[in-house]
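First the structure, in the form of structure tokens, and then the observations on it.
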Amino acid sequence: MDEPEFDVQSLRIVRSIADTGSITRAAEALGLSQPAVSQHLRRLEARLGIAVVERIGRGIRLTEAGRVLARHAPAVTLAIDAAAEELAQLRGLRTGVVRLVAFPSASPVLVPRLIAALASSHPGLSLTYIEAEPPEAVAAVREDRADIALTFSYPGDRDDPHRSSARGLSVRAAGRDDLMLVLPVGHAAVTEITELADETWIAGCPRCRGHLLELCERAGFEPRIGYETDNYVAVEGLVAQGIGVATLPRMALESFPLLPGVVTAPLPAAEARRLHVVTAQGAERVPSLAAALTTLEDVLAR
């Protein structure tokens, strides 16, 4: 069988074109010039004897051959990165970049602790971070735009991003984040969600709103949702004024002091959202990712 007529840089370029939709943006993402990327593509197509990109109007798109290369690129580049880092370890180097994506309420609580812990235990590693809701975070790992995704799912989630969309990826359970009722002080005696059936509710992100609807449905009522906001401080502000009631994860509540006029009550542990760590299969073979995963586990355990 003939050896494949492409190299790792070719795969990175084709993958970047798939992610960005253009040669110019792919070049920017890879830190290359646009002419250099175009020239590399021409050489690749000459070696393969088949077109990798095709022009559509003023833009471009990958051909079927290009899509094949893009689909296999993450697995190949991960293996190459793993080998390179293991060799670096043998040479005594301790460097690397880890790309993390996590949900917004992790930003003020978990992510700073992870960055600080990594800086202390592995000062040669650097970590980049972006926020994304679970479906987008899983997609970022699949498309090789992130190395590690910290995600969550709710019990009974009808659109759980860790099912079919995460097929072929590694999904590790990483603990739970308790769900809390957020109430005005006048409701301090409330212990059951059924006692709030006649209240006006404040809903959050689409996934959180979906869980609220399912939670109330199991309790035998449909919540009257009067307000929707992803801003946790705004939720507390509305609750403090007696405008409505809400549910929030404990992690969100821990990210800032509870506002005056607000009390919380825990919901049963079965209603907690489950935390997950999503990576490519075999990510732990890359030393920098193994170090980040171990550190993340320690931070979550604390």
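These numbers come from a predicted model, not from an experiment.
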Exercise. Indicate yes or no: at least one non-hydrogen side-chain atom of Ile148 is less than 4.5 angstrom from one of Val101.
Key: no
- [ ] Mind telling me whether Phe152 and Phe103 have parallel, tilted or perpendicular rings, with 30° and 60° as the class edges?
- [x] perpendicular
Side chain to side chain contact (heavy atoms under 4.5 Å, CB included) test vs Arg250 passes for just one of Thr264, Asp178, Leu179, namely Asp178
- Query: With no hydrogens and no angle check, is any side-chain donor or acceptor of Glu195 less than 3.5 Å from a backbone partner on Glu192?
  - Reply: yes
Output for pair (His276 NE2, Leu169 CG), nearest 0.5 Å, gives 13.5 Å
State whether Glu54 and Arg61 are salt-bridged, where the test is any N-O pair (Lys NZ or Arg NE/NH1/NH2 against Asp/Glu carboxylate O) under 4.0 Å. yes
Test your reading of the model: is there a side-chain donor-acceptor pair from Asp144 to the backbone of Pro74, 3.5 Å cut-off? no
inquiry  = Is any side-chain heavy atom of Leu150 closer than 4.5 Å to one of Leu114?
reply    = no
Q.
I'd like to know if the side chain of Ser120 reaches the main chain of Ala116, judged simply by a donor and an acceptor atom lying under 3.5 Å from each other, with no hydrogens or angles considered.
A. no
Do the side chains of Arg99 and Asp147 get close enough for a salt bridge, i.e. N-O under 4.0 angstrom? yes
### Task
Give a yes or no on whether Gln9 atom CD has more than 12 heavy-atom contacts from other residues, nucleotides or ligands under 6.0 Å away.
yes
With sequence neighbours left out, the residues meeting salt bridge (charged side-chain N to carboxylate O under 4.0 Å, His left out) with Glu45 are none
- Okay, side chain of Ser38, backbone of Gln34: is any donor-acceptor separation there less than 3.5 Å? yes
message: With a 6.0 Å cut-off (strictly less than), is the heavy-atom count around CZ of Arg285, excluding the residue itself, greater than 12?
response: no
* Asked: Quick check: are there more than 12 heavy atoms from other residues, nucleotides or ligands sitting under 6.0 Å from CD of Glu222?
  -> no
(message) Taking the basic N atoms (NZ, or NE/NH1/NH2) and the acidic carboxylate oxygens, is any pair closer than 4.0 Å for Glu136 and Arg145?
(response) no
Same hydrophobic cluster for Met180 and Leu275, using side-chain heavy-atom links shorter than 4.5 Å among ILVMFWY?
no
Any donor-acceptor pair under 3.5 Å from Arg25 side chain to Thr20 backbone = yes
inquiry  = If the threshold is 4.0 Å, N to carboxylate O, is there a salt bridge linking Glu271 and Arg176?
reply    = no
field: Donor-acceptor pair, side chain of Arg15 and main chain of Ala70, under 3.5 angstrom
entry: yes
